[in-house]
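Lettering of chains follows the sequences in order, A, B, ..., and the numbering in each one begins at 1.
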Amino acid sequence: MTNMIQSAKDQVAALTEAAYERAAAAGSLPAGAEVRATIEIPKDTSHGDYASSFAMAGAKALRMAPRAIAQTIVDNLELEGSYFSRVEIAGPGFLNFTLGPKWYGDVLGAVEQEGATYGSGSGGAGKKVMVEFVSANPTGPMHMGNARGGVLGDTLANVLARDGWNVWKEFYVNDAGNQINKFARSIYARCMQLALGEDNYPFPEDGYHGEDVKELAQMFYVKHAYDFPGETSEEDWFAEMARFGLERNIPKMKADLNKYGIQYDQWFLESSLHDSGFVADTVRLLTEKGWTYEKDGALWLNTTELLKKKYMAEGKSQEQVDKLDLKDDVLRRANGFYTYFAADIAYHRNKFEERKFDLVINIWGADHHGHVARLQAALDGLGLDGSHRLVIVLMQLVNLLQDGKPVRMSKRTGKAIALHDLLDEISVDAARYYFNNRAATSPLDFDLDLAVRQDSENPVYYVQYAHARICSLIARLAEEDGAAVPAAGSVDAGVLTAPEELALMKSLAQYPEELHLAARDYDPSRVNRYLTALAGDFHRFYNACRLKGEESAVLSARLKLADTVRSVLANGLNLLGVTAPEKM
RNA sequence: GCGGGUGUAGCUCAGUUGGAUAGAGUGACUGGCUACGAACCAGUAGGUCGGGGGUUCGAAUCCCUUCACCCGUACCA
């Protein structure tokens, strides 16, 4: 749980504060002032490693010029035994601290000691979080958007677990409702076409046009060649066909995701909520609380009021709220069936109330964003505080490009590029890295022609190459020079003085901070950027500093440094579900 | 209309609680292996951070306003 960046920042704050107290006691600065200084890492290393804004931030309270305050602080600083070797005043009054060997040595020691768990944090404090992702309709193969969502959810789950959350991964199977009905009707229509000839039976306009449905129908038709359609009613065929299709599609989805490196803790069936009466019970509960009304034979949720309440609680003014174009939602249709929305409310009630999750994170396509606030508000109405405990990560859609032109994706027209087709073209490593390479809020262009190329275009190779290079380097030094990677305690970090070496060690120290931010912001793409930067720092070090033939203290320290980088690269790639090859 | 997302180098994107001269990859151009893996590195060029106003010591970042593109606004899921 060591975070050397935080340790250094804390120490800057403590040293500065102590210097101020000393100066105040000596009468060189007014006593009793509360100065809220920020401590940051300057972009330009000539400004030191950490900069405190104490002098500028305290100018008003201390009634002195920032530079004069800075000078007094410096005069009273005691760096002996600290992580820092030097402090300078610069610009408008920044206090620039420069790190010394003690800190660098501790970085190498921390990675050695924590190994595969290096970077762990306590942001989650052991609380239960569910990440629900992909949850694609089981009516057909998964497409590129699901591929992105899968990587995002799985990687986020890994990152959260590393930051101290107790993580549960779930796939919500929409095996009930209208889409399934459409699905069954589509299979039925294809079967009828097989029986009567394609032109003699109409295919429903809003049906699933894909080849996979034709294949299912073919299989079903062969199996029932002697009794289809027979005397059995359409409705009964629908039920049987839906079951037939789902029994084949769901295992296929599991297999595809498995190939992709994704395993869930649970596949939760929407139908179970209907069968157990939990949907009906949830709607009854909302009615009891006075949030529903009947109109045109349907039962409606007063979403308008719930949303207004939610927005006012979030600080919007009455005027702003009145301007919004809010609408109510149907929970139970006039035909007696519950809507998807009703089931979704019940499902989330189940997550919080039955299964006691502290936090629920759903990965949704951005086209569902209109649903976010209403679901949260409905949960608020049940007293479950959905506004704070349900987090929806909206993922912008994947634009599929071919020859630089967009390809329209739609499951109904059957033109989607399926996940399993994608994995026939590119490696799991490349796919997982590619889809996690951008924040969820950014649209992602997926160029088929580019992705298929297995050359260094893909940044995953840059990172993997660094790892392979280090493995090879260590093996070679062991074989030819009998040099083994030393323990951190026996390394003199003071001999590592090249800018490339210092930059590399600082990057290593940055890892726990990056993981924490990735977890805090639900943005696992940070890990990609970090690893790319770390690999770059290593490649620069490798070009600037030799190991072979150097005197033993230097060789030993550099070998340890390289091995430490190897460890962190493997650690990060593992979080991404990407392999860390020793050779490539 | 209303709501959400996005506007930063030719292209794809970073930019942390507001900090010092706005970064990286890629493309273009120029260099670097008889030395530990050249799937690598170094250098050059490329910017009114969509526009305008405001807040302050200081704004790509916060507030207001405006423009452009994408998405949503179902008794679909």
Side-chain angles (χ1 to χ4, degrees), chain A residues 36 38-44 46-47 51 53 56-57 59-60 66 90-94 96 135-137 139 174 176-182 206 270 295-300 323-327 329-335 337-341 343-344 365-373 394 396-397 399 437-445 447 450 454-459 461-462 464-466 468-477 480-481 513-514 517 520-521 525-526 529 532-533 535-536 538-550 555 558-559 562 583-584:
Chain A
R36 292 197 359 225
T38 58
I39 294 151
E40 51 201 47
I41 300 174
K43 283 174 221 154
D44 186 341
S46 72
H47 292 132
S53 65
M56 284 105 80
K60 241 172 214 168
F94 283 106
N96 292 338
S135 300
N137 273 328
T139 50
N174 305 132
N178 237 340
Q179 297 296 344
I180 294 302
N181 206 315
K182 244 187 246 177
D206 61 348
E270 179 188 350
K295 192 180 86 181
D296 304 333
L299 184 72
W300 293 71
K323 219 177 63 180
L324 296 173
D325 186 20
L326 302 175
K327 282 173 186 145
D329 292 283
V330 170
L331 293 174
R332 193 180 59 226
R333 300 187 200 111
N335 63 16
F337 289 105
Y338 290 100
T339 58
Y340 178 84
F341 187 48
D344 217 11
D367 52 338
H368 289 66
H369 85 259
H371 198 59
V372 174
L394 287 177
Q396 292 296 315
L397 303 182
N399 299 313
N437 212 29
R438 203 135 294 156
T441 50
S442 298
L444 187 142
D445 287 335
D447 192 319
L450 197 71
Q454 296 202 358
D455 54 24
S456 58
E457 290 296 312
N458 196 319
Y461 296 111
Y462 185 76
Q464 288 184 319
Y465 179 61
R469 213 180 200 186
I470 297 170
C471 291
S472 164
L473 173 65
I474 291 171
R476 183 151 184 166
L477 285 167
E480 295 176 5
D481 301 348
E513 188 76 2
E514 286 296 332
L517 293 175
R520 187 198 67 183
D521 298 340
S525 70
R526 276 182 164 278
R529 285 193 289 280
T532 305
F538 174 75
H539 288 311
R540 276 185 285 279
F541 155 76
Y542 182 86
N543 271 273
C545 306
R546 290 191 56 78
L547 282 80
K548 228 171 155 44
E550 292 290 335
L555 169 64
R558 286 181 178 166
L559 189 52
K583 282 180 186 160
M584 51 191 288

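Listed by chain and number, the residues in a salt bridge (Lys or Arg N to Asp or Glu O under 4.0 Å) with A:Lys323 amount to none (sequence neighbours excluded).
In this structure, A:Leu397 and A:Tyr338 both approach RNA chain B, and ranking their closest nucleotides by distance from the 5' end singles out A:Leu397. Where A:Ala544 and A:Gln396 each meet RNA chain B at their nearest nucleotide, the meeting point lying more 5' is that of A:Gln396.
A donor N or O paired with an acceptor N or O is found under 3.5 Å between the base of B:G37 and the side-chain atoms of A:Ser472. For A:His368 against B:G72, no side-chain N or O and base N or O form a donor-acceptor pair under 3.5 Å. Remark: the A:Asn96 side chain and the B:A20 base include a donor-acceptor N/O pair separated by less than 3.5 Å.
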Write down the protein N/O and nucleotide N/O pairs, taken from nucleotides 28-34 of chain B, whose separation is under 3.5 Å; answer none if there are no such pairs.
none

List, with names and distances, any nitrogen or oxygen atoms from the protein found under 3.5 Å away from nitrogen or oxygen atoms belonging to nucleotides 63-67 of chain B.
none

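With both pairing distances under 3.5 Å, B:U26 is matched to B:G10 as a Watson-Crick or G-U wobble pair.
Counting heavy atoms from C-beta outward, A:Glu514 and A:Arg529 have side chains that stay 4.5 Å or more apart. Two residues are said to be in side-chain contact when any heavy atoms from C-beta on lie closer than 4.5 Å; A:Arg438 and A:Gln396 fail this criterion.
Once the 5.5 Å centre distance and the 30° plane angle are applied, the aromatic ring of A:Phe94 is found not to be stacked with the base of B:G19.
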